[in-house]
Every structure is written in C-alpha cells, then in structure tokens.
Amino acid sequence: MKIATYNVNGINGRLQVLLRWLAEARPDIVCLQELKAPQERFPEAAIEDAGYRAIWHGQPRWNGVAILSRIGAPVETRRGLPGDPDDSHSRYIEAAVAGILVGGLYLPNGNPKPGPKFDYKLLWFERLVEHAADLIAADVPAILAGDYNVMPTEKDVYKPERWVDDALFAPEARAAYLRLLEQGWVDALRTIHPDAVIYTFWDYFRNAYARNAGLRIDHLLLSPALTDRLIDAQVDAHVRGWEKTSDHAPVWIELRDPIN
DNA sequence: ATGGCAGCGCTACGCTGA
C-alpha cells in the first residue's frame with residue numbers, strides 16, 4: 001500500500017499537475033495540503049474521475065487539507081485538532097482508510113519569529129503533540145502525514161546557518177517534532193534513508209530547485225503499530241521540475257500488507 | 001543581507017507562504 005503527502009499550493013491552479021502525478025504514481029492514499037480553496041470549490045469530480053474518493057476541509061484563500069483514497073472512501077474521524085474550538089484555520093483532517101488511521105496536517109509556518117504567528121505555530125504544535133499521544137495510547141495503526149513546516153535536523157536544510165532565526169528551524173519547533181519521535185512515532189523517510197540529503201521543498205526564488213537548495217519539511221510519521229510494515233519511502237522530486245508545479249514535491253511510503 | 005516567485009481573490013495589489 002502506497003501512502004503519500006503532497007502540499008499542492010492551490011488545488012485548482014495545480015489540478016493538472018496533481019492529476020498527472022496521481023496517474024503516474026498511483027498512490028492508494030494521499031494527504032493534500034494548501035488547497036487554497038473554499039469548501040465548495042474543491043474539484044471533486046476531477047478527483048473522482050481519477051479514481052479517488054475524497055474528504056476535505058477548505059477555507060477561502062489559505063490553508064485547506066484533504067484525504068484521497070482509491071481503496072475505499074475515507075471515513076472521517078476528525079476535522080480540526082482538539083484544544084481550541086476558536087481555531088479557524090483548516091489544517092487537520094483525519095480518516096480511517098483500509099484499517100489505518102490517517103491524519104493529514106498542515107502545520108503553521110510561524111514566520112516572522114518572534115511574533116503572534118510563531119506563537120500560534122507552537123500552540124498548534126502542542127495540540128498536535130497531545131493528539132498524537134492519544135493516538136499512540138489507542139495503539140492503532142496510524143500515520144500523521146503532511147507539511148510540518150519543520151526541518152528536524154541540520155541535515156534537512158541546504159544551508160543551516162541561514163535558517164537559524166527562521167520559524168521552520170526554530171529550536172522550539174524542532175523540539176516539538178522530537179517529542180513526537182519520543183512518543184514512538186517513526187519518521188519513515190529518515191528510517192529508509194538514514195544518512196542521505198533529502199529535500200521535499202524548493203523555493204520558487206533563486207533557482208532553488210536547479211541548485212538543490214531545498215528543505216525537508218514534509219513528513220510521514222508512523223505509529224509503532226505500523227512501523228514493521230514499512231518497506232520503502234521516497235520523494236518524487238522530479239515533479240518539482242514540472243511546469244506550473246508546486247514548490248513542494250510529493251513524498252510517499254510503501255507499506256507491506258498486514259500479516260493477518 | 002536582500003529580494004526574488006507564485007496563488008488567491010479580484011480585476012489592483014495586498015496577503016501569505018517558506
């Protein structure tokens with residue numbers, strides 16, 4: 001089973017790129033971020049024509065997350081993280097698909113730092129850490145996939161010294177990510193490639209993709225009940241080179257079928 | 001160190017992103 005995450009940076013402006021990648025990669029489950037579309041403007045028909053059922057949480061202009069599946073309709077279990085009923089951002093959606101609990105997330109960017117946006121990032125991250133602990137406690141096969149807007153280590157940044165004051169590389173954000181790992185979540189891409197330099201995002205500026213000046217900020221974290229099934233994890237970096245493409249590339253994992 | 005690019009809503013340019 002192939003599970004992917006992809007920050008599309010505008011699902012309508014990016015629809016042809018998304019469909020092309022879906023046809024090429026044929027992931028079974030996909031978490032999408034940055035739909036940048038209100039709820040009623042999600043291109044459901046085109047997604048269904050491509051063979052996928054979808055649930056989504058839109059928002060005008062910004063944010064927005066979705067879960068796609070071509071192995072049965074996602075059964076929604078949650079929309080938005082617990083802990084702040086006044087949070088208006090569409091950044092978390094969760095569903096049961098094929099015996100796996102799939103959480104798709106778009107963690108706040110947090111820049112500029114310091115400031116209210118950075119405070120919001122850390123508060124949102126705290127809510128994610130708490131919810132992640134509940135999922136671990138439930139001992140279910142689960143995956144938390146999406147744009148975390150955090151480079152976990154210096155290896156995950158093309159030029160770490162340039163990012164020391166940035167919200168994406170802030171010690172507080174990296175510490176929060178580390179707490180997820182300490183709970184038992186496993187960074188799938190890093191597990192398959194312990195030492196490689198791997199990026200999932202390249203800035204539109206400064207010819208960043210051609211220079212491979214990238215960041216690794218899109219992650220798929222596996223609960224302990226899933227880690228034994230991990231057999232591969234890759235970035236479809238070539239998609240970043242397509243016309244009218246997102247600044248992120250799709251990231252995916254392959255899981256073997258459960259024993260029983 | 002800075003500004004560069006891109007999508008959206010809207011039809012001019014501000015906001016946001018990373």
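Below, read A as the first sequence line, B as the second, and so on, with proteins coming before strands; counting in each chain starts at 1.
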If I take atom CG in residue A:D247 and atom P in nucleotide B:dC8, what distance separates them, rounded to the nearest angstrom?
12 Å
Need one value for A:K121: base, sugar-phosphate or nothing, where a base atom within 4.0 Å counts as base even if backbone is also close, heavy atoms only.
nothing
What nucleotide among B:dG9, B:dA18, B:dT2 has an atom nearest to a side-chain atom of A:H248?
B:dA18
If you look at every strand shown and take non-hydrogen atoms under 4.0 Å, does A:D203 touch a base, only sugar-phosphate, or nothing?
nothing
Strictly below 4.0 Å: does A:K244 bring a side-chain N or O up to OP1 or OP2 of B:dG7?
yes
In whole Å, what is the span from the CD atom of A:E40 to the P atom of B:dG9?
10 Å
Can you tell me which nucleotide in B:dT16, B:dA1, B:dA18 comes closest to the side chain of A:W62?
B:dT16
For a quick check of understanding: with a heavy-atom distance under 4.0 Å over all strands, which category does A:N63 fall into, base, sugar-phosphate or nothing?
nothing
Electrostatic pair A:R70:A:D28 at N-O distance under 4.0 angstrom
yes
What is the distance, to the nearest angstrom, from the CH2 atom on A:W202 to the P atom on B:dA6?
16 Å
What is the distance, rounded to the nearest whole Å, between atom CZ of A:F201 and atom C1' of B:dG17?
8 Å
Distance check, P atoms only: B:dG14 and B:dA1, in whole angstrom units.
27 Å
Tell me: CH2 of A:W124 to P of B:dG17, nearest whole Å?
13 Å
Nucleotide nearest A:N109 (side chain, heavy atoms from C-beta), chosen from B:dT16, B:dA18, B:dG7
B:dA18
Quickly work out the A:L168 CG to B:dA18 P distance and round it to whole Å.
7 Å
NZ or CZ of A:R216 within 45° of A:Y199 ring axis and under 6.0 Å:
no
Closest-nucleotide 5' rank along DNA chain B - winner of A:N149 and A:F205
A:F205
A:H57 and A:Y92: aromatic ring centres closer than 6.0 Å?
no
Out of B:dA18, B:dG17, B:dC8, which nucleotide sits closest to the side chain of A:N12?
B:dC8
What's the OH-C1' distance between A:Y148 and B:dA18, to the nearest Å?
18 Å
Side-chain contact check for A:R91: nearest option of B:dA18, B:dC8, B:dG17 is B:dG17
Classify the nucleic acid contact of A:Y106 as base, sugar-phosphate or nothing, counting any heavy atom under 4.0 Å across all strands shown.
sugar-phosphate
Tell me whether the guanidinium CZ or amine NZ of A:R174 lies under 6.0 angstrom from the six-membered ring centre of A:F169 and within 45° of its axis.
yes
Which pairs pass salt bridge (Lys or Arg N to Asp or Glu O under 4.0 Å) with one or both residues in residues 112-129 of chain A, sequence neighbours excluded?
A:D87-A:R127, A:E126-A:R179
Comparing A:R14 and A:W163 on DNA chain B - which has the more 5′ nearest nucleotide:
A:R14
Base, sugar-phosphate alone, or nothing: which one does A:D165 contact when heavy atoms must sit under 4.0 Å apart?
nothing
Rounding to an integer number of angstrom, what distance separates B:dT2 and B:dA6 when you compare their P atoms?
23 Å
Which nucleotide, B:dA18, B:dG9, B:dC15, lies nearest any side-chain atom of A:P38?
B:dG9
Tell me whether the count of non-hydrogen atoms from other residues, nucleotides or ligands lying under 6.0 Å of CZ in A:R53 goes above 12.
no
Among the nucleotides B:dT2, B:dG7, B:dG9, which one has an atom lying closest to any side-chain atom of A:N9?
B:dG7
Starting at atom CZ of A:R61, determine the distance to atom P of B:dG14, rounded to an integer number of angstrom.
14 Å
Report yes if a side-chain nitrogen or oxygen of A:K117 is closer than 4.0 Å to either non-bridging phosphate oxygen (OP1 or OP2) of B:dG17; otherwise report no.
yes
